[in-house]
There are 2 protein chains.
Amino acid sequence: MSKNLEDIARLAGVSRSTVSRVINGHPHVSELTRRRVMEVVKREGFFPNPAARTLVTQRTRVLGFITPQALPDVFADPYFPALIQGISSTANQYDYALMLWLGEGTEEEERFYHRIRQTGLIDGVVVASVVDDDPLIAHFVEDRFPFVLIGPPPREGLNSIDIDNRHAARVAVEHLIHLGYQRIGMITGWLKMPSARARLDGYRDALRMAGRSASDSRIAEGNFLEPSGYMGMKMLLHQDVDAVFCASDTMAVGAMRALHEERLRVPDDVALVGFDDLPISAALSPPLTTIRQPIRRLGSVATEALINLLDGALATPYHVLLPTELVIRGSCGALLKR
Amino acid sequence: MSKNLEDIARLAGVSRSTVSRVINGHPHVSELTRRRVMEVVKREGFFPNPAARTLVTQRTRVLGFITPQALPDVFADPYFPALIQGISSTANQYDYALMLWLGEGTEEEERFYHRIRQTGLIDGVVVASVVDDDPLIAHFVEDRFPFVLIGPPPREGLNSIDIDNRHAARVAVEHLIHLGYQRIGMITGWLKMPSARARLDGYRDALRMAGRSASDSRIAEGNFLEPSGYMGMKMLLHQDVDAVFCASDTMAVGAMRALHEERLRVPDDVALVGFDDLPISAALSPPLTTIRQPIRRLGSVATEALINLLDGALATPYHVLLPTELVIRGSCGALLKR
DNA sequence: ACTGATTTTGGGAGCGCTCCCAAAGACAGG
DNA sequence: CCTGTCTTTGGGAGCGCTCCCAAAATCAGT
């Protein structure tokens, strides 16, 4: 069907090897033949067969993106499209293709792992949303399979790209403290995930540094999703909070729903700060004060790091913390108090 | 590094060919040798090299998912994670891997197309969010490259999975008519996309069938995204509408924001109906009345169809319309009037 | 025991590429 | 003109698999 190297060689009046050299940009090809070959290649629309290439080079030029915990609800978060876009566009930019693996529980992980480790499907992988002791990570480490994490690394010595969750959370809570709120609660993320714990730590840091006792009674454990924000807020209302820090914007939406239902006003009765700065957050009423994290960039930087890793050009372990930003809108009350 | 067929053959005391037959489930292998070989395969954790396989079979067992118009904002819609999940889980189920290509404008399309058509990267592709005269589609058709569309097919004879956009939109608008609204407006999607036009047609159908003139002055052209919902609503307020049908929930969120800003109440001053039934829609205040479409299933069914197509087991052209459902919540006023 | 049909097994060829090595050509310098 | 060096080119081997064909083994039926 499609032409192969030999065909192109014949058409250009040279040998297979020469065509290969031209295509791969190797030296030691005279300018004349190079041009002649390139012309035929272009005219015939020739592309080297990736499978044949892979068979000999042991490289696929395909990257993977894995989310072990892409449970239906978790993955519905607009966080992921942004992340995927960052990864995809960077991969394309470097002429890599992108393969996707959405895990839906541990049983599936083992299958992923097997399909991935068999040399020849992908060269390396970007991993997001890992939980503690994810067996996938252990496997990759053991097999020395190249990977980069997005999020806090669950152990030492791994390559990771992240934001400083703890610091960002502290900034968010300090903002509430400075505004004068006295009984600040928190709705946490899914505490099996390191990022959720880091945000909780940041909340405690802020209270401690302000000389307040961080009573655990004002902490509601959530799971990053809307319903858990709703439930968490319902719970916290019994604790008489006057402000709540939510570990995700999605939960803040749920919290807002609970407050509306109780006919409580935001921020007058309860102030709210979220985390993520999703597109909808600015459109809520009131607009949500939140921590903006550069989701697309997280994906981009991770992908770039992975590609460098594959090229042996990454000093490992590699760690990057991308900056976050407190975005002040209506839900924290700062705009009213001015 | 990793073992190959020959190694396994040696360990099992048989020939390469026999191992190949066992692995591929071919007949004419005695039960005894089959068991012996399987044992060695399992013990050694052997997987056949996909590149080598592809080289001879011309099949990759990889599927592609393409969104030519994955512009940063468009793709941020929670619609896509759901779609991708449906595709991904079905692909996994049939033991296919999934490759992702997010287009960001036509310039990139050509590159995609070239990377894809070179035999050996993927076997077929699921395409979503095409615009009219998408050159990608033309290329695929010309090359007889297997693909299945999600959404309305831009021309005859293509395989597609979709919902009945026109009918669903009519149902939504008829609902508003029955509730007694007199000046029903619409905020449309991006009219370059066939689905957006179909929804507009449905809106007109409903008005016409109710004997009303569908004045175009009550139609605001949007692009499916939040800001265009906001803008659209601002515009429609000058037309004195008492109800608005939005072609996406995301735009309904924008519309709601505009109404809040004008201190108008939903549904008392202006009733609202959306389209999609995103997770957040139930959490808005008031909760959004909307058309629910089975997004995950759309992805699943398309993937299944594609796999059948690859197996030559699909009667083409193949068309499926999945059912939609009017979900009545607070924003249309139906719950108040009871 | 011998023949022929049938089941089971082994080995060669080849998929399309890269890489290595050797051959050929170009070019100085004596 | 010949030799040695350097650049450019060609062809063989081999990556790991599947598929085809032929050889070997098994099994009936005389």
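Hydrogens, waters and symmetry mates are skipped; everything else that's a heavy atom, side chains included, is used. Proteins get letters first, then strands, A, B, ... in listed order; numbering begins at 1 in each.
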Evaluation steps, side chain to side chain donor-acceptor pair (under 3.5 Å), between B:S300 and B:T90: CA-CA 6 Å; B:S300 278; B:T90 305; 2.9 Å; yes
Test side chain to side chain donor-acceptor pair (under 3.5 Å) on A:E304 and A:Y94 and set out the steps. CA-CA 9 Å; A:E304 228 153 23; A:Y94 285 88; 2.9 Å; yes
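Atom CZ of A:R36 sits in a crowded spot, with more than 12 heavy atoms from other residues, nucleotides or ligands closer than 6.0 Å. For A:E44, the CD atom sits in a packed shell: over 12 heavy atoms of surrounding residues, nucleotides or ligands are nearer than 6.0 Å.
The distance from atom CD of A:Q58 to atom C1' of C:dC17 is 13 Å, rounded to the nearest whole Å. The separation between A:R59 atom CZ and C:dC17 atom C1' is 16 Å, rounded to whole Å. For B:R10 and D:dG16, the CZ to P distance is 12 Å, given to the nearest whole Å. B:L55 places its CG atom 12 Å from the P atom of D:dC17, with the value rounded to the nearest Å. When rounded to the nearest whole Å, the span between NZ of A:K3 and P of C:dC17 equals 12 Å. When rounded to the nearest whole Å, the span between CD of A:E6 and C1' of D:dA13 equals 14 Å. In this entry the distance linking CG of A:D7 with P of C:dG14 reads 16 Å, nearest Å. Distance CG (A:N4) to P (C:dG14): 14 Å, rounded to an integer number of Å.
Atom CH2 of A:W190 sits about 10.5 Å away from atom OG of A:S195, to the nearest 0.5 Å. Atom CG of residue A:D77 and atom CZ of residue A:F224 lie 9.0 Å apart, to the nearest 0.5 angstrom. Remark: B:F147 CZ to B:I66 CD1 distance equals 10.5 Å, nearest 0.5 Å.
Each of B:V56 and B:E31 has a nearest nucleotide on DNA chain C; the 5'-most of these lies closest to B:E31.
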Could you list, one pair per line, each protein nitrogen or oxygen that sits under 3.5 Å from a nitrogen or oxygen of nucleotides 9-11 of chain C, together with the distance?
{"unit_1": "C:dT9", "atom_1": "OP1", "unit_2": "B:S30", "atom_2": "OG", "d": "3.4"}
{"unit_1": "C:dT9", "atom_1": "OP1", "unit_2": "B:T33", "atom_2": "OG1", "d": "3.2"}
{"unit_1": "C:dT9", "atom_1": "OP2", "unit_2": "B:S30", "atom_2": "N", "d": "3.2"}
{"unit_1": "C:dT9", "atom_1": "OP2", "unit_2": "B:T33", "atom_2": "OG1", "d": "3.3"}
{"unit_1": "C:dG10", "atom_1": "OP2", "unit_2": "B:S15", "atom_2": "N", "d": "2.8"}
{"unit_1": "C:dG10", "atom_1": "OP2", "unit_2": "B:S15", "atom_2": "OG", "d": "3.2"}
{"unit_1": "C:dG10", "atom_1": "OP2", "unit_2": "B:T18", "atom_2": "OG1", "d": "3.0"}
{"unit_1": "C:dG10", "atom_1": "N7", "unit_2": "B:R21", "atom_2": "NH2", "d": "3.1"}
{"unit_1": "C:dG10", "atom_1": "O6", "unit_2": "B:R21", "atom_2": "NH1", "d": "3.4"}
{"unit_1": "C:dG11", "atom_1": "N7", "unit_2": "B:S17", "atom_2": "OG", "d": "2.8"}
{"unit_1": "C:dG11", "atom_1": "O6", "unit_2": "B:S17", "atom_2": "OG", "d": "2.4"}

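An OP1 or OP2 oxygen of D:dT18 is reached within less than 4.0 angstrom by a side-chain nitrogen or oxygen of B:N24. OP1 and OP2 of C:dC15 both lie 4.0 Å or more from every side-chain N or O belonging to A:N49.
Axis orientation changes by 50° from one end of the helix from C:dA1-D:dT30 to C:dG30-D:dC1 to the other, with each end axis drawn from 5 pairs and the value rounded to 10°.
Shown are B:L63, B:I122, B:V62, B:L306; of these, the side chain to side chain contact (heavy atoms under 4.5 Å, CB included) with B:Y96 is made only by B:L63.
Of the charged side-chain nitrogens involved, at least one lies within less than 4.0 Å of a carboxylate oxygen, so that B:D311 and B:R59 count as a salt-bridged pair.
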